[in-house]
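In what follows, chains carry the letters A, B, and so on, assigned in the order in which the sequence lines appear, proteins first and then strands, with residues in each chain numbered from 1.
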Protein chains: 4
Amino acid sequence: MAGFDQRREQVLDGCARAFALKGYQGASIRDIARAVPMSAGGLYHYCSNKQEFLYQVCDRAFHSLIERLTTGLDGIDDPSERVHTVFKSHLAYFLERPDELITLTEDLSSLEAPWASRVRVLQRQYYGIVSDVLAPFAVPGGISLRVATMSLFGMINWVHTWYRRGADPGADALARQMSDLFLSGFAAAAPETARSVQGGSER
Amino acid sequence: MAGFDQRREQVLDGCARAFALKGYQGASIRDIARAVPMSAGGLYHYCSNKQEFLYQVCDRAFHSLIERLTTGLDGIDDPSERVHTVFKSHLAYFLERPDELITLTEDLSSLEAPWASRVRVLQRQYYGIVSDVLAPFAVPGGISLRVATMSLFGMINWVHTWYRRGADPGADALARQMSDLFLSGFAAAAPETARSVQGGSER
Amino acid sequence: MAGFDQRREQVLDGCARAFALKGYQGASIRDIARAVPMSAGGLYHYCSNKQEFLYQVCDRAFHSLIERLTTGLDGIDDPSERVHTVFKSHLAYFLERPDELITLTEDLSSLEAPWASRVRVLQRQYYGIVSDVLAPFAVPGGISLRVATMSLFGMINWVHTWYRRGADPGADALARQMSDLFLSGFAAAAPETARSVQGGSER
Amino acid sequence: MAGFDQRREQVLDGCARAFALKGYQGASIRDIARAVPMSAGGLYHYCSNKQEFLYQVCDRAFHSLIERLTTGLDGIDDPSERVHTVFKSHLAYFLERPDELITLTEDLSSLEAPWASRVRVLQRQYYGIVSDVLAPFAVPGGISLRVATMSLFGMINWVHTWYRRGADPGADALARQMSDLFLSGFAAAAPETARSVQGGSER
DNA sequence: TATGAATGAGCATTCATTCAT
DNA sequence: AATGAATGAATGCTCATTCAT
């Protein structure tokens with residue numbers, strides 16, 4: 001039983017790797033089998049079809065993200081620090097298990113009924129937590145909470161397209177830069193010239 | 001000759017629609033043929049293979065983006081306003097031709113050699129322009145220009161996943177919110193309580 | 001157009017041959033392709049799936065049977081001779097196109113919705129014609145028309161399991177024996193001993 | 001040992017049910033396993049492969065048919081009554097164990113070497129008994145014994161395709177109708193009109 | 001005996017692509 | 001310029017069968 005569950009984890013890891021590498025549509029069952037490794041037929045002990053593999057990968061990833069984030073936010077009261085925690089938690093997970101997060105970001109749209117709706121519940125839950133963290137900063141007439149939340153997700157979900165391990169900063173440093181940018185803006189620490197021009201040229 | 005070029009545009013429009021709908025890997029030549037509409041065999045008068053269609057769509061899209069952005073930036077000197085122009089130009093194009101931008105965002109990674117390298121030149125050119133627009137705000141020891149640029153692209157490239165026509169703001173309003181967020185941060189106009197707490201936790 | 005329809009006939013002939021040889025379930029698409037001959041993929045220009053091939057074969061066969069039988073019965077008034085015509089018409093078709101009739105007899109039960117119901121209409125039509133031919137011989141309290149009709153079909157549909165070309169009688173002679181058996185019984189011309197015993201045990 | 005043999009009977013019952021329902025080719029080992037019920041792997045304690053299951057089902061069925069028929073014929077001297085016994089014995093078995101007889105009728109042709117030849121011995125034995133029962137009615141120049149025997153088998157082997165429990169007569173009544181039809185013909189008791197016409201066209 | 005994970009061959013079907021028309 | 005029949009490779013998936021437990 002334990003052996004079976006352990007093997008399932010290996011299988012899902014292989015799925016995530018294959019999906020991340022070639023995309024859900026581009027990854028064949030044989031690609032997954034090669035990544036596990038296992039025979040193509042044998043994979044069907046762990047799913048009833050390919051869609052279910054995508055579902056299981058996404059489900060597992062969202063559960064991890066949610067659990068890590070709620071744990072990470074626990075005991076942190078400062079609103080800004082809570083925002084920083086969102087970035088840090090998500091980016092740390094991305095750097096630990098990039099395949100899962102790449103799959104989640106790129107292939108979630110390939111998930112069909114009835115799996116899609118089940119994952120969307122988790123997605124909304126995760127978005128909800130983040131939105132709640134951002135809510136204290138929302139002001140009527142200002143940037144809408146929705147736009148801010150989606151912008152935050154855009155920032156972190158885009159990371160996998162450009163991040164280079166070694167060359168780019170680690171999870172903490174990157175999270176710090178990104179949360180600073182998100183909360184205070186890129187112009188916050190801009191040199192005097194630019195800042196004054198910005199102020200003076202307002203229209 | 002003009003007729004041929006006009007037909008080619010229709011063909012590329014069909015490709016973009018099919019790619020945006022099902023993804024490059026998920027869209028079959030017959031899907032494209034249905035979207036044009038034209039017979040599957042007939043499509044091969046306009047390409048030598050499916051990859052080339054993806055290349056043509058991406059190439060056309062990047063050229064449009066670059067041309068619109070350079071035109072848009074022309075004559076604007078204020079650094080902040082230039083940033084705003086980046087958002088506005090990109091978002092306007094997305095709302096005008098969503099299929100092309102969705103294809104660019106989601107399927108560029110499916111482009112293989114030797115087309116990929118040719119498109120990457122345009123991509124770098126576009127990123128370069130944007131990076132130059134952001135450069136005046138960069139400060140040593142602060143948020144890196146690279147992280148800022150990539151964050152900006154994350155924000156705008158993620159829009160297609162959540163934007164709902166009618167419900168969400170138009171290109172101008174959205175660009176204003178996003179450039180404000182990007183330049184001044186979400187906390188800029190936050191209520192006193194949140195701001196003070198933030199201030200207290202500043203480091 | 002004519003070429004396409006002609007090719008379709010060849011394809012259906014190949015289907016019938018493959019189905020007759022290995023059974024519907026046992027015949028693979030590649031078996032059919034080999035029997036036509038044509039590539040497996042190419043077959044899908046003539047059907048949307050394997051079931052549809054079975055449908056087309058059965059449909060064509062029933063139409064032929066019905067047309068031949070109605071033509072054959074035309075102008076024949078004598079009830080016994082009409083019964084004989086049923087046997088003759090069916091057996092002649094069997095000897096001309098055994099593959100189709102074997103498929104009809106053995107594989108009709110493999111036809112699924114929604115094709116099954118469409119073929120069942122033809123089947124009932126054919127059964128109806130035969131039943132009407134037998135009706136004049138039915139008597140209340142005697143052998144039921146239903147049992148008689150089904151027995152007749154049992155007799156002729158079983159032929160393909162034992163008939164050996166060359167060794168067994170031709171269509172006409174076989175039909176004569178079978179219709180005699182069906183109408184007058186095997187004991188009709190039995191030797192005195194058997195007949196008298198039979199008569200004595202009548203109840 | 002007794003437990004094993006009992007279990008083997010259950011396994012063969014499951015095979016017969018699965019084969020009758022989906023056909024030999026259409027029934028998977030897992031279908032059989034579900035019908036027993038037992039795990040797929042466990043079935044291989046009772047056979048060396050799927051063909052052997054078909055063999056065992058057919059073998060058992062033919063042995064039953066032969067034993068029941070010889071027992072049934074024992075002590076019956078009247079030729080007609082012996083024919084009736086053939087119908088009654090076979091139909092009774094069909095109604096008691098339809099799955100086995102359906103398998104025998106539909107799937108015997110799927111049995112391959114070397115099992116086929118072994119079963120064919122039993123088949124010929126059963127056919128031989130029936131043929132011997134019919135022999136007293138054969139007359140030179142009349143309906144051949146072979147055609148008569150095969151027609152009888154056609155009649156009874158077709159029953160499973162149309163018989164509806166409840167709606168159609170029981171084994172005895174059906175056997176009576178069928179043996180009457182077989183021995184005396186459907187026209188035997190036909191109304192005067194039909195009979196006279198038949199008589200007039202006699203040749 | 002019985003299980004169920006595992007395999008490799010085979011399945012029906014779809015694919016990108018070619019080519020005669 | 002355009003069609004659609006045709007192909008061979010590849011797809012997701014099921015199969016009969018094996019074997020460690």
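In this structure, the CG atom of D:N49 is 15 Å from the P atom of F:dC19, given to the nearest Å. Atom-to-atom, CD of B:Q6 to P of F:dA1 comes out at 14 Å; the value is rounded to the nearest Å. Computed from coordinates, the A:K50 NZ to F:dC13 P distance equals 8 Å when rounded to whole Å. Remark: C1' of E:dT13 and CD1 of C:I32 are 13 Å apart, rounded to the nearest angstrom. The CZ atom of C:R34 sits 13 Å away from the P atom of F:dG8 (whole-angstrom rounding). Atoms CZ (D:F53) and C1' (F:dT17) sit 12 Å apart, rounded to a whole Å. Rounded to an integer number of Å, the gap from CD of D:Q25 to P of E:dG10 is 15 Å. The distance between atom CG of A:D31 and atom C1' of F:dT11, rounded to the nearest whole Å, is 11 Å.
Summarising the geometry of A:I32 relative to A:A18, their closest heavy-atom pair is CG1-CB, 3.8 Å, with the distance given to 0.1 Å. Annotation for C:E100 and C:A16: closest pair CG-CB, 4.0 Å, computed over non-hydrogen atoms.
Ranked by how close their nearest DNA chain E nucleotide is to the 5' end, D:A40 and B:G41 are led by D:A40. Summary of the strand contacts: A:G42 and B:P37 both lie near DNA chain F, and taking for each the nucleotide with the nearest heavy atom, the more 5' one is attributed to B:P37.
Of the listed nucleotides (F:dA2, E:dA16, E:dT13), F:dA2 has the atom at the smallest distance from the side chain of B:S39. Listed nucleotides: E:dG4, F:dG4, F:dA5. Nearest to the side chain of C:F4: F:dA5. Closest to the side chain of C:Y44, from the set F:dG8, E:dT13, E:dA16, is E:dT13. Among the nucleotides F:dG8, F:dA2, E:dA6, the one closest to any side-chain atom of B:M38 is F:dA2. Proximity note for A:S28 (side chain, C-beta onward) versus F:dG12, E:dA12, E:dA16: the nearest is F:dG12.
For F:dA1, there is no paired base (Watson-Crick or G-U wobble, both distances below 3.5 Å).
A donor and an acceptor atom sit less than 3.5 Å apart, one in the side chain of A:R30 and one in the base of F:dG12.
Between A:H45 and E:dA5 there is a side-chain polar atom (N or O) within less than 4.0 angstrom of OP1 or OP2. At E:dA2, one or more side-chain N or O atoms of D:R7 fall inside 4.0 Å of OP1 or OP2 (strictly under the cut-off). Dashed line: the shortest gap from a side-chain N or O of C:Y46 to OP1 or OP2 of F:dA6 is under 4.0 Å.
Within 4.0 Å of A:A27, counting heavy atoms only, lie sugar-phosphate atoms of the nucleic acid but no base atom. Counting non-hydrogen atoms under 4.0 angstrom, A:I29 reaches the backbone sugars and phosphates but no base.
For an aromatic pair to be called close, the ring centres must be under 6.0 Å apart, and A:F53 with A:Y24 fails this.
In D:Q10, the CD atom is crowded: over 12 heavy atoms of neighbouring residues, nucleotides or ligands sit closer than 6.0 Å.
D:R60 is listed as a side-chain neighbour of D:D13, based on a closest heavy-atom distance under 4.5 Å.
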